[in-house]
Amino acid sequence: MALRSEINADVPVAAPGEFAPLPLTNAVSLWPPVVLAPMAGVTNPPYRSLCRRMGAGLYVAEMVHSRGLSERNARTVGMASFADDEPIRSIQIFGADPSDMADAARFLVEEVGVDHIDINMGCPVRKVTGRGSGSALPARPKLMGAVLTAVVRAAGEVPVTTKIRLGLDDDRHTWADALAATTDAGCRWMGVHARTAQAGYSGQADWDWIARITEQATIPILGNGDIWECWDALRMMRATGCDGVIIGRGCLGRPWLFRELAQVFDGTEPADPPALGEVLGVVFEHAELLVEYFGETKGILEMRKWCSWYTKGFPGSAVVREGLQHIDTLVDMRRWLSHLDPDIPFPARALRVPRAKRGHSQDKVHLPHGWLEQEDGESPPPGADSPAVSWSGG
Ligand SMILES: Cc1cc2nc3c(=O)[nH]c(=O)nc-3n(C[C@H](O)[C@H](O)[C@H](O)COP(=O)(O)O)c2cc1C
């Protein structure tokens with residue numbers, strides 16, 4: 001049996017017919033029902049290409065600001081780019097202004113040729129919620145409805161989905177309003193990161209909420225939160241009845257997770273995760289893709305974090321990781337990585353080692369002035385249309 005952690009010791013591979021493909025359109029379904037989470041600074045074309053080579057499913061581009069698109073801001077438009085061989089062009093947008101969001105959707109459909117638009121209604125980051133977007137939007141049900149309806153209308157035949165958190169905090173769950181608005185607007189599915197915005201990445205995602213939401217929903221629900229191993233995806237779907245899964249941090253430095261997911265959903269036991277030598281092969285491939293896409297300076301700057309994620313949990317890697325934080329060139333990167341022993345097998349403790357966001361919560365979700373006092377408000381907040389800046393997502 002392949003290496004797995006104790007929590008997944010007894011999880012069997014999928015039985016034939018146990019899970020169904022996830023319909024994206026009337027003509028296109030996803031098998032396995034797996035989605036690479038949109039992640040700012042992560043799910044750029046090189047990384048999507050690497051993940052796609054490993055497995056199957058849907059690979060969503062980084063989130064982009066609707067105003068940046070509607071103004072044709074060069075940087076934002078650049079983030080909405082796709083490789084020629086990308087079979088399904090999928091992207092996430094955010095904003096709180098129905099007209100901007102509709103413009104952005106029209107631009108993406110007509111000029112970029114996207115095949116799927118996801119709407120971010122879960123981001124907890126101050127710069128986003130402070131403008132009424134991300135997880136702040138479902139706290140204003142009427143405005144949320146207007147945004148979703150405008151995007152669905154503008155997108156025409158192109159499917160639109162939403163991605164939410166449970167709510168602002170434990171006292172203000174917004175998922176029920178989000179589910180109603182998502183359903184009424186004619187969106188295809190709703191993804192649920194089973195934490196509140198206030199919780200950030202602390203504690204465990206509460207999968208029981210995914211079960212409850214799935215039970216109430218008449219559209220597919222995709223579960224999200226703390227899928228680190230392929231077995232977790234099966235466990236989540238079995239425990240909650242959800243229709244598919246969204247994978248975020250679990251694939252950071254572990255793109256072969258998509259290969260393992262494809263295998264277990266097809267009823268095949270995967271091989272052990274790769275030994276360090278094979279991992280390094282993936283690191284080099286990733287670095288070359290990033291350098292080709294961004295040039296060496298930015299590509300290698302990006303690789304600093306990736307090197308850290310790829311090597312995390314391997315014995316003896318801490319010192320090398322420190323050095324990798326200062327690399328500027330491909331040659332530097334190769335030199336530091338050459339200190340590692342390629343024969344080290346994938347260690348059990350690396351299976352669930354935390355990567356990217358740390359586990360702290362925020363004291364309070366930052367909201368526009370008076371946001372919760374006028375739940376019925378239909379206008380976007382002042383500043384919702386501020387020019388695009390850089391986002392760290394969430
Ligand atoms: C680096 C990073 C960037 C993220 N950016 C976005 C984003 O742009 N849009 C979004 O909806 N979620 C974003 N998220 C949240 C993930 O999509 C996902 O919901 C979250 O990480 C929980 O899933 P996980 O436990 O599988 O990581 C981001 C997460 C990380 C780690």
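We number each residue from 1, following the sequence as shown. Counting starts at 1 for both ligands and their atoms, in listed order. The figures here come from the full heavy-atom set of this structure, side chains too, leaving out hydrogens, waters and symmetry mates.
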| request: State the atoms of ligand 1, each with its element, that fall below the 4.0 Å cut-off from a heavy-atom position in Arg249. | output: 21 (O), 24 (P), 25 (O), 26 (O), 27 (O), 31 (C)

| said: Please check whether Ala356 reaches ligand 1 - meaning an N/O of the residue sits under 3.5 Å from an N/O of the ligand, judged on distance alone. | reply: no

| field | Selection from Met39, His193, Arg195, Lys163 by shortest heavy-atom distance to atom 17 (O) of ligand 1 | value | Lys163

| query | Are Leu337 and Leu324 side-chain neighbours, meaning at least one heavy-atom pair lies under 4.5 Å? | reply | yes

| message | Applying salt bridge (Lys or Arg N to Asp or Glu O under 4.0 Å) to Glu229 and Arg235, what does each step give before you reach the verdict? | response | CA-CA 10 Å; Glu229 299 169 66; Arg235 219 158 36 82; over 6 Å; no

| said: Is it the case that ligand 1 has an N or O less than 3.5 angstrom from some N or O of Ala37? | reply: no

| Should Val112 and Ile91 count as side-chain neighbours, where that means a heavy-atom distance under 4.5 Å? | no

| query | Looking only at non-hydrogen atoms, which of Arg165, Lys305, Met63, Glu62 approaches atom 8 (O) of ligand 1 most closely? | reply | Met63

| query | With a 4.0 Å cut-off on heavy atoms, is Gly122 touching ligand 1? | reply | no

| request: Please confirm whether Cys123 comes under 4.0 Å of ligand 1, counting heavy atoms of the residue only. | output: no

| request: Check whether any N or O atom of Ile246, backbone or side chain, sits under 3.5 Å from an N or O atom of ligand 1, and answer yes or no. | output: no

| When you look at NE2 of His326, are more than 12 heavy atoms from neighbouring residues, nucleotides or ligands closer to it than 6.0 Å? | yes

| query | Does Tyr201 come within less than 4.0 Å of ligand 1, judged by its heavy atoms? | reply | yes

| query | Is the closest side-chain heavy-atom distance between Met190 and Thr162 below 4.5 Å? | reply | yes

| request: Fit a plane to each ring of Tyr310 and Trp306, take the angle between them on a 0 to 90° scale, and name the class: parallel (under 30°), tilted (30 to 60°) or perpendicular (over 60°). | output: tilted

| message | Does either side chain, that of Ser81 or that of Tyr293, offer a donor lying less than 3.5 Å from an acceptor on the other one? | response | yes

